[in-house]
Amino acid sequence: MAALMDTRILLRKIKDLRCLTPRRNRVKAKWAGSQPKYPATNLALQNFDATYSLQLGEQWPSVRVSMLCEPKYGALVNNFSTTEGVIADLQSQGCRDFVCQPVGVGALERLQAPGFPLHDNPSTLESVGVSQDVAPPRLRTNIKCFVFPGGDISRFKPSRPDLYGMLGYYLMDAASILPALALDVQEGHSVLDVCAAPGGKTLALLQTQAIRFLCVNDISVSRTYRLQRVLNSYVPKELLTEERMRITSFDGRKWGEIERDTFDRVLVDVPCTTDRHSVMEDENNIFKRARTKERQRLPQLQTELLLAGIEAVRPGGQVLYSTCSLSQLQNEYVVERAMHLAREEHGISLQVVDLRPITRLFKETFHFAPDPHLGQLVLPHLTANFGPIYMCKLQRLS
């Protein structure tokens, strides 16, 4: 018994590497220098508890729990790869394509029909500039995104390359597909993605196979390199030529000065507090104390980016603004401020396009906030743990 105790003591000492280090060289780890007193995730959660409990009311506890749980993903099928085997494999796992399968063909036709009713209560939306004259969004049904059924928390397997080296699908938050669908890209359109990295929404836009010219931009050079790697893994080289696509690292706030009145569609997916990441990961967390000023400047940055996108779109074109935040300060208020500045400082008139036809179509897949003031918001929910994603679509008047 004594021998056994001696062996345990010896093993415990061997595990403690300090016993192998000379006493004069031993340094006691200082907790204050290695661990923050207030982790960024805790600061983010405290901020959200104070803010979103007032904004969302009774829904906040459910949203809070969902954001602290593992998120669900969708598999965006790559139409540039050999898709038959990929789709069959996803279906064999119990996945479904939420873009086409939630409703029958009749419902899709109603969504695409010119006479589809845009608004249930027009008077409440006219006050913020929503027009019934704007045609409802039409779906590009060649965008395919597979998800597991509600409540199923299974994970997707990593995608494998086909014979030509193209990966079969791209894993992303399935709610991030909605801005690409709502943008309503049509054949021959020129499209600008102002803040494109890491590339999921750009890849979704390319799946429409309708874009004549695509300009993708991100101010961060490192993120732009990551975007290029994504595109090289999913898109054939002949579609990445200068005649079809341009990849840049400009300051998106200056785009109105670079190319004004140019694009048919503009996607403005702005930097934000990335709420789910902020409560889950300390790395690159915008709630770190050193990034306080950067976080406080976000609404101003977002307004300038949206205003640049409005200037870049041609008269009659459309702009879609999106974030992955629940914050009204970064969502509705930014849209209202940008519309005001566009009208007062640039003489540009805008109308808000109602996106409720899309929310009605996908209500079985996503949990949408009821009766938002402006735009649409996907709320995380335990049975459909996607988002948060906010989107609002603007039409520039001639």
Side-chain angles (χ1 to χ4, degrees), residues 30-57 59-73 172-173 175-176 179 194-201 218-223 226 251-253 268-306 321-335 337-338 367 369 372 375 377-382 385-392:
K30 296 188 178 296
W31 180 86
S34 58
Q35 296 289 336
K37 187 175 182 180
Y38 300 104
T41 51
N42 289 3
L43 295 175
L45 200 55
Q46 292 174 11
N47 181 285
F48 295 161
D49 282 336
T51 306
Y52 297 155
S53 59
L54 298 176
Q55 177 182 324
L56 298 176
Q59 295 187 86
W60 170 236
S62 172
V63 174
R64 185 185 196 271
V65 170
S66 302
M67 288 175 58
L68 292 171
C69 295
E70 183 177 355
K72 290 189 68 172
Y73 289 91
M172 60 190 297
D173 187 332
S176 296
V194 180
C195 307
K201 294 181 180 68
D218 198 280
I219 191 172
S220 170
V221 175
S222 60
R223 286 169 60 87
R226 181 183 174 187
D251 185 348
R253 295 173 294 180
V268 187
D269 183 41
V270 296
C272 63
T273 49
T274 54
D275 292 358
R276 188 186 287 274
H277 175 85
S278 294
V279 298
M280 295 293 288
E281 303 288 343
D282 281 315
E283 184 179 355
N284 196 30
N285 195 313
I286 200 168
F287 280 87
K288 290 182 178 179
R289 292 192 181 277
R291 302 182 66 182
T292 299
K293 291 185 177 180
E294 178 187 353
R295 186 176 74 251
Q296 293 172 342
R297 289 195 296 264
L298 274 177
Q300 178 64 28
L301 170 64
Q302 293 161 342
T303 302
E304 293 174 356
L305 286 168
L306 178 54
Y321 174 81
S322 67
T323 73
C324 47
S325 172
L326 297 166
S327 171
Q328 289 180 331
L329 190 62
Q330 301 176 62
N331 296 339
E332 292 96 326
Y333 296 161
V334 167
V335 174
R337 178 63 176 167
H367 185 69
L377 176 65
V378 177
L379 297 175
H381 192 273
L382 284 177
N385 205 1
F386 304 105
I389 290 290
Y390 172 81
M391 56 183 179
C392 183

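The residues of the chain are indexed from 1 along the displayed sequence.
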Give a yes or no on this: more than 12 heavy atoms of other residues, nucleotides or ligands lie within 6.0 Å of atom CZ of Phe287. yes

For Val279 and Leu68, which heavy atoms make the closest approach, and how far apart are they? O-CD2, 3.9 Å

Between the side chains of Gln330 and Thr273, does any donor sit under 3.5 Å from an acceptor? yes

For Leu379, is there any backbone N or O sitting under 3.5 Å from a side-chain donor or acceptor partner on Gln59? no

Please round to the nearest 0.5 Å and tell me the distance separating atom OG1 of Thr274 and atom CG of Leu298. 9.0 Å

For Asn385, what residues pass the side-chain hydrogen bond (donor to acceptor under 3.5 Å, both in side chains) criterion, not counting sequence neighbours? Arg276

dist Ser176:OG -> Ile389:CD1 (nearest 0.5 Å) comes out at 3.5 Å

Polar side-chain atom of Asp218 near backbone of Pro198 as donor-acceptor pair, under 3.5 Å: no

Taken to the nearest 0.5 Å, the spacing of Arg295 CZ from Lys288 NZ works out to 13.0 Å

Mind checking side-chain hydrogen bond (donor to acceptor under 3.5 Å, both in side chains) for Glu294 and listing every partner two or more places apart, or none if nothing turns up? Arg291

Pairwise side-chain contact, Cys195 with Pro271, heavy-atom cut-off 4.5 Å (strictly under): yes

For a quick test of reading the model, state the closest non-hydrogen atom pair linking Pro179 to Ser322 and the distance between them. CG-CB, 4.1 Å

Is there side-chain contact between Leu382 and Ser62, with heavy atoms separated by less than 4.5 Å? no

Per-pair distances, 0.1 Å, donor-acceptor, side chain in residues 44-52, under 3.5 Å, sequence neighbours excluded:
| unit_1 | atom_1 | unit_2 | atom_2 | d |
| --- | --- | --- | --- | --- |
| Asp49 | OD1 | Trp60 | NE1 | 3.0 |
| Asp49 | OD1 | Arg64 | NE | 2.8 |
| Asp49 | OD2 | Arg64 | NH2 | 3.2 |
| Thr51 | OG1 | Asn47 | O | 3.0 |
| Tyr52 | OH | Asp275 | OD2 | 2.8 |
| Tyr52 | OH | Ser327 | N | 3.3 |

N/O donor-acceptor pair under 3.5 Å between Thr292 side chain and Arg289 backbone: yes

Please round to the nearest 0.5 Å and tell me the distance separating atom CG of Leu377 and atom OG1 of Thr323. 7.5 Å

With Gln300 as partner, the option from Gln296, Arg297, Glu304, Gln302 fulfilling side chain to side chain donor-acceptor pair (under 3.5 Å) is Glu304

Run Leu301 and Val270 through side chain to side chain contact (heavy atoms under 4.5 Å, CB included) and show every step you take. CA-CA 8 Å; Leu301 170 64; Val270 296; over 6 Å; no

Taking side-chain hydrogen bond (donor to acceptor under 3.5 Å, both in side chains) as the test, write out the residues that go with Arg337, two or more places apart. none

Taking atom CE of Met172 and atom OH of Tyr73, what is their separation to the nearest 0.5 Å? 11.0 Å

What's the spacing between Leu329 CG and Cys272 SG if we round to 0.5 Å? 12.0 Å

Who are the side-chain hydrogen bond (donor to acceptor under 3.5 Å, both in side chains) partners of Lys201, not counting sequence neighbours? Asp269

ring-ring contact (aromatic ring centres under 6.0 Å, His included) against His381, all qualifying residues, sequence neighbours excluded: His367

Pair Val334-Tyr390, side chain to side chain contact (heavy atoms under 4.5 Å, CB included): steps then yes or no: CA-CA 12 Å; Val334 167; Tyr390 172 81; over 6 Å; no

Heavy-atom side-chain proximity of Val378 to Pro388 below 4.5 angstrom: no

